[in-house]
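Let me begin by presenting the structure, written as structure tokens, before commenting on it.
Computation of the quantities below employed the complete heavy-atom set of this structure, encompassing side-chain atoms and omitting hydrogens, waters and symmetry-equivalent molecules.
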Amino acid sequence: MKMVDKNENLKQLQKVEYQMLKDFDKFCRENDIEYCLTYGTLIGAVRHKGFIPWDDDIDVFVKAEDYLKLESIFNEKQTDGKYFLQTVKTDIYNWNLWDCVRLNNTAYHIGDWDYSRINSGIFIDIFPLADFPSEKKEVRKVVLWHRICNILAKDNVIGNKKRDFSYGTLGKILSALSKMIPENVRIRLLQKYMYKILNYKSDSGLCFSTVRTTAVFPKEWFKENVLLDFEDGKYPCPKQYDAFLRNVYGDYMQLPKESERAGHGKVEVCFDTTKE
């Protein structure tokens with residue numbers, strides 16, 4: 001398998017990822033699943049009408065109900081085997097607390113992380129928008145679930161010490177305790193608490209993505225979508241994209257310093273792992 005430097009093949013990588021977005025968009029429309037562009041991909045749509053020139057992946061939001069629906073049907077309907085929806089259930093050594101659509105027979109390796117046990121194909125990040133509570137007691141409960149998931153996934157499931165992760169004293173205690181639990185039990189616990197988060201219901205009018213619990217947004221921002229230009233097509237984006245992007249990035253229309261234009265940083269990719 002020949003890995004090549006992402007920066008020297010960025011246009012080719014973006015071309016592959018854009019085709020993945022087109023296929024994902026078609027699948028969602030055919031199966032009545034609502035999604036919208038988010039994070040860097042959303043900035044790209046607003047500021048560049050396509051990829052941020054140095055961006056190296058695609059990010060989308062899917063509301064929890066449709067997220068669970070996507071998980072229940074995507075792999076079953078991928079009869080040609082082109083794509084794989086990676087979740088904490090379909091790829092039990094996956095360390096992300098969100099799903100990825102992976103392009104089979106490719107590889108995307110960030111830094112020196114351990115990819116030996118997971119599907120590491122070129123991907124679209126699928127971030128859930130889950131309900132977030134407003135009452136302090138409920139907030140503490142959801143945050144604890146999220147911390148447990150993070151520790152189990154990042155610090156234990158793959159056993160990769162280079163992905164050090166903690167939540168202060170509480171994190172160290174939970175991490176030490178989790179290391180005493182057999183791996184298959186840890187995996188089941190991770191799945192249990194992830195789906196507690198995804199199935200949690202609140203009337204607070206707030207939502208968050210499982211990237212982090214400190215970023216909480218009004219559901220109103222994602223109530224409606226608008227179609228914005230992205231490359232040679234139009235794709236759904238939250239109607240209140242400006243409020244969301246300013247909340248996350250501040251003045252997102254201002255280009256960052258050249259030294260910060262790095263995407264995921266050190267990345268190697270393989271566009272066809274079937275070749276010697």
Side-chain angles (χ1 to χ4, degrees), residues 3 6 17 38-40 56-62 64 67-68 70-71 74-75 83-104 106-130 142-168 170-198 208-215 263-270 273:
M3 303 295 292
K6 174 261 298 185
E17 291 171 339
T38 190
Y39 297 129
D56 50 24
D57 76 338
I58 286 177
D59 304 317
V60 305
F61 272 153
V62 178
Y67 187 88
L68 293 170
L70 181 70
E71 285 194 348
F74 188 88
N75 286 332
Y83 295 115
F84 170 69
L85 184 64
Q86 183 179 60
T87 77
V88 295
K89 285 186 175 179
T90 62
D91 199 339
I92 60 174
Y93 299 114
N94 167 39
W95 55 72
N96 290 321
L97 298 188
W98 56 89
D99 294 348
C100 293
V101 171
R102 297 278 186 176
L103 179 60
N104 289 323
T106 66
Y108 183 114
H109 293 177
I110 303 172
D112 52 7
W113 297 358
D114 180 4
Y115 288 92
S116 60
R117 295 201 291 182
I118 70 168
N119 183 317
S120 63
I122 296 169
F123 61 93
I124 296 176
D125 277 328
I126 315 293
F127 298 109
L129 279 176
V142 171
V143 169
L144 179 60
W145 292 347
H146 189 261
R147 288 178 175 177
I148 290 171
C149 288
N150 258 305
I151 289 166
L152 290 169
K154 291 183 170 65
D155 198 27
N156 294 286
V157 172
I158 63 168
N160 189 341
K161 302 304 179 185
K162 293 181 181 179
R163 288 177 58 78
D164 186 37
F165 192 91
S166 71
Y167 283 103
L170 175 61
K172 290 177 182 178
I173 293 170
L174 291 173
S175 182
L177 290 172
S178 69
K179 287 183 173 68
M180 302 176 188
I181 302 171
E183 182 180 70
N184 65 325
V185 178
R186 294 200 304 266
I187 291 168
R188 289 200 299 272
L189 286 172
L190 169 60
Q191 293 170 349
K192 173 184 174 180
Y193 284 105
M194 268 301 298
Y195 289 98
K196 275 182 174 290
I197 292 170
L198 293 171
F208 79 110
S209 180
T210 49
V211 180
R212 60 184 69 87
T213 55
T214 53
H264 281 90
K266 181 185 175 184
V267 172
E268 290 189 326
V269 296
C270 179
T273 61

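Closest of all the heavy-atom pairs between Leu97 and Leu190 is CD2-CD1, 4.0 Å. Smallest separation of non-hydrogen atoms from Arg117 and Glu183: NH2-OE2, 3.3 Å. Among all heavy-atom pairs drawn from Cys149 and Ile197, the shortest one is SG-CD1, 4.4 Å. Scanning both residues, Asp59 and Gly40, for their nearest heavy atoms gives OD2-N, 3.8 Å.
In this structure a side-chain-to-backbone donor-acceptor pair under 3.5 Å is present from Asn75 to Leu85. Within the 3.5 Å criterion, the main-chain N or O of His264 finds a donor-acceptor partner in the side chain of Asp56. When atom types are taken as modelled, the side chain of Ser209 and the backbone of Pro128 share a donor-acceptor pair closer than 3.5 angstrom. The backbone N or O of Ile110 lies less than 3.5 Å from a partner atom in the side chain of Tyr115, making a donor-acceptor pair. With hydrogens and angles disregarded, a donor-acceptor distance shorter than 3.5 Å links the side chain of Arg186 to the backbone of Ile181. In this structure a side-chain-to-backbone donor-acceptor pair under 3.5 Å is present from Asp91 to Asn119.
At least one side-chain heavy atom of Ile126 sits less than 4.5 Å from a side-chain heavy atom of Val101. Residues Tyr195 and Lys89 meet the side-chain proximity criterion, which asks for heavy atoms closer than 4.5 Å. Annotation: side chain of Gln191 is in contact with side chain of Ile92 (closest heavy-atom distance under 4.5 Å). Taking 4.5 Å as the limit, some side-chain heavy atom of Ile187 sits within range of a side-chain heavy atom of Tyr93. Between Leu103 and Tyr83, the closest side-chain pair of non-hydrogen atoms falls below 4.5 Å.
Considering only residues two or more places apart in sequence or on other chains, Tyr67 meets the side-chain hydrogen bond (donor to acceptor under 3.5 Å, both in side chains) condition with Asp99. Under the rule for a ring pair (Phe, Tyr, Trp, His ring centres under 6.0 Å), the partners of Phe127 that lie at least two apart in sequence or sit in another chain are Tyr39, Trp98. Scanning for side-chain contact (heavy atoms from CB on, under 4.5 Å) contacts around Ala107 gives Met1, Met3, His109, Ser120, Cys270, Thr273, with sequence neighbours left out.
Separating the CD atom in Glu71 from the OG1 atom in Thr87 is a distance of 5.0 Å, to the nearest 0.5 Å. A distance of 10.5 Å separates CG of Asp125 from OG1 of Thr38, quoted to the nearest 0.5 Å. For the atom pair Phe84 CZ and Asn104 CG, the distance stands at 7.5 Å (nearest 0.5 Å).
In the model, Glu17 has no side-chain atom that pairs as donor or acceptor with a side-chain atom of Tyr108 under 3.5 Å.
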